[in-house]
Amino acid sequence: MDQLHKKYEILRQSLAEMGSVLVAFSGGVDSTFLLKVAREVLGDRAWAVTATSPTYPQSEFREAEQLAGQLGASRVVIDSNELLIPGFSHNPADRCYHCKKELFELCLAKAQELGLSFVVDGSNVDDLGDYRPGRRATKELGVHSPLLEAGLTKAEIRLLSRELGLPTWNKQPFACLASRFPYGTEITAGRLAQIERCEEFLKKSGFHTYRVRFHNETVRIEVGEEEIPRFLVPEQRRAIVDFFKSTGFSYVSLDLEGYRTGSMNRTLPEAGNGRPEN
């Protein structure tokens with residue numbers, strides 16, 4: 001057995017030992033793979049939980065609903081509004097910690113209500129390499145990360161997802177809309193809706209990998225490097241500029257570095273270990 005499938009068997013064994021789980025399910029690559037395997041191993045003792053939130057686009061919520069149905073998983077929805085968390089809208093550097101803490105507290109309460117033993121999330125090995133304060137919340141609350149514990153990377157999860165026939169195997173990475181704002185920039189419902197509309201426009205225009213970054217009057221667009229040439233097509237460029245300005249931006253810019261995870265973290269001071277912790 002190769003190394004990848006050894007990790008896969010470790011994941012299955014870990015889930016089997018848990019007995020029953022509530023999967024924090026966003027419909028992304030990682031949580032879809034985790035829910036699929038949990039359903040295979042635990043059957044009806046694996047449930048999915050999705051949270052409604054101003055930072056979670058409606059299109060992603062609908063896709064998660066469809067995916068859970070395709071996997072045959074029982075699914076519950078909890079209401080979460082990060083904007084009501086004291087200090088969240090001020091967008092501090094540990095914003096994600098407070099968000100995940102509230103979310104997982106709601107998930108744990110729901111798991112107890114349903115008689116499920118564990119709450120699990122889709123964190124993987126790659127999540128250790130960037131600033132992710134939400135990981136602190138999972139540790140404090142006892143939320144398990146079976147993909148991480150099995151040593152699976154994002155690339156390996158995509159490979160296994162493809163083997164399992166999951167439609168998410170090549171889905172673009174996604175993070176909550178709050179990650180589109182520089183730390184210290186106020187997050188409001190209106191600004192979140194503005195970002196959501198712009199990203200939906202890029203999605204409908206056929207872009208695969210994208211982020212719309214908010215810088216007050218200016219928007220900074222990140223897309224995959226292979227998609228940057230599309231902005232040289234006059235009709236495409238004009239359509240994007242016109243739409244983005246219609247949402248309230250005064251200036252529309254393209255980031256020539258292209259999409260990369262954690263680009264907003266570049267402004268953070270480095271932690272003592274040489275990288276910000278997360």
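Checking E102 against S80 by side-chain atom types alone, a donor-acceptor pair falls below 3.5 Å. No hydrogens or angles considered: a donor-acceptor pair under 3.5 Å links the side chains of D121 and S145. Side-chain atoms of E82 and S53 form a donor-acceptor pair, as typed in the model, at a separation below 3.5 Å. A donor atom on one side chain and an acceptor atom on the other are found under 3.5 Å apart for Q13 and E17. A donor-acceptor contact closer than 3.5 angstrom is absent between the side chains of E156 and H5.
A 6.0 Å sphere centred on CD of E225 holds no more than 12 heavy atoms belonging to other residues, nucleotides or ligands. Shown here is Q112, whose CD atom has no more than 12 heavy atoms of other residues, nucleotides or ligands within 6.0 Å. For K203, the NZ atom is densely surrounded, since the number of other residues' heavy atoms within 6.0 Å is greater than 12.
Between T32 and F25, some side-chain heavy-atom pair lies under the 4.5 Å cut-off. V252 has its side chain out of reach of T218: every pair of non-hydrogen atoms, C-beta onward, lies at least 4.5 Å apart. When side chains are defined from C-beta on, L177 counts as touching P57, because their heavy atoms get closer than 4.5 Å. Inter-residue side-chain proximity for R211 and P173 is flagged as met; some heavy-atom pair is nearer than 4.5 Å.
Classification of R213 and E222 as a salt-bridged pair holds, one side-chain N sitting under 4.0 Å from a carboxylate O. The residues K100 and E105 are annotated as not salt-bridged, no charged nitrogen and carboxylate oxygen being separated by less than 4.0 angstrom. Under a 4.0 Å N-O distance rule, the pair R62/E65 does not qualify as a salt bridge. Salt bridge present: D255 and R220 bring a charged side-chain N and a carboxylate O closer than 4.0 Å.
Screening residues 74-126 for ring-ring contact (aromatic ring centres under 6.0 Å, His included), with sequence neighbours left out, gives F118-H144.
Looking at every heavy atom in both residues, L22 comes nearest to C107 through CD2-O, 3.4 Å. For the pair V125 and G151, the tightest heavy-atom approach, listed with the atom from each and the gap, is CG2-C, 3.4 Å. K36 and L71 make their closest contact through CD-CD2, 3.8 Å (heavy atoms, listed as atom of the first residue, atom of the second, distance). Counting all heavy atoms, side chain and backbone alike, T185 lies closest to N91 at O-CB, 3.1 Å.
Shown here are the salt bridge (Lys or Arg N to Asp or Glu O under 4.0 Å) partners of R45, two or more places apart in sequence or in another chain: there are none. With sequence neighbours excluded, no residue satisfies side chain to side chain donor-acceptor pair (under 3.5 Å) with Q66.
R162 forms a cation-pi arrangement with W169, by the criterion of a distance under 6.0 Å to the ring centre and an angle within 45° of the ring axis.
At a threshold of 4.5 Å between side-chain heavy atoms, the hydrophobic network of Ile, Leu, Val, Met, Phe, Trp and Tyr places L148 and L35 in two separate groups. Residue Y183 is not grouped with residue F181 when hydrophobic side chains (ILVMFWY) are merged at heavy-atom distances under 4.5 angstrom, including chains of intermediate members. Cluster annotation: L83 is connected to F214 through the hydrophobic network of ILVMFWY side chains, with a link wherever side-chain heavy atoms come within less than 4.5 Å.
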Any chance you could lay out the side chain to side chain donor-acceptor pair (under 3.5 Å) test for S179 and R95, step after step, and finish with the verdict? CA-CA 9 Å; S179 67; R95 175 201 70 232; 5.5 Å; no
Set out, in order, the CA-CA distance, both residues' side-chain angles and the distance that settles salt bridge (charged side-chain N to carboxylate O under 4.0 Å, His left out) for K7 and E149, then state yes or no. CA-CA 9 Å; K7 293 180 181 181; E149 293 159 13; over 6 Å; no
Please tabulate, one pair per line, all N/O donor-acceptor pairs under 3.5 Å involving side-chain atoms of residues 231-239, not counting sequence neighbours.
unit_1	atom_1	unit_2	atom_2	d
Q236	OE1	R230	NH2	2.7
R238	NH1	D242	OD1	3.3

Return a table of donor-acceptor pairs under 3.5 angstrom between the side chains of residues 187-200 and protein atoms on other chains or two or more places apart.
unit_1	atom_1	unit_2	atom_2	d
T188	OG1	R191	N	3.1
R191	NH1	E186	O	2.8
Q194	NE2	T247	O	3.2
E196	OE2	Q58	N	3.0
E199	OE1	R180	NH2	3.1
E199	OE2	R180	NE	2.7
E199	OE2	R180	NH2	3.4
E199	OE2	V212	N	2.9
E200	OE2	S59	OG	2.5

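Residues Y56, V77, F174 make up the rest of the hydrophobic cluster containing F61, defined by ILVMFWY side-chain heavy atoms closer than 4.5 Å, directly or through other members.
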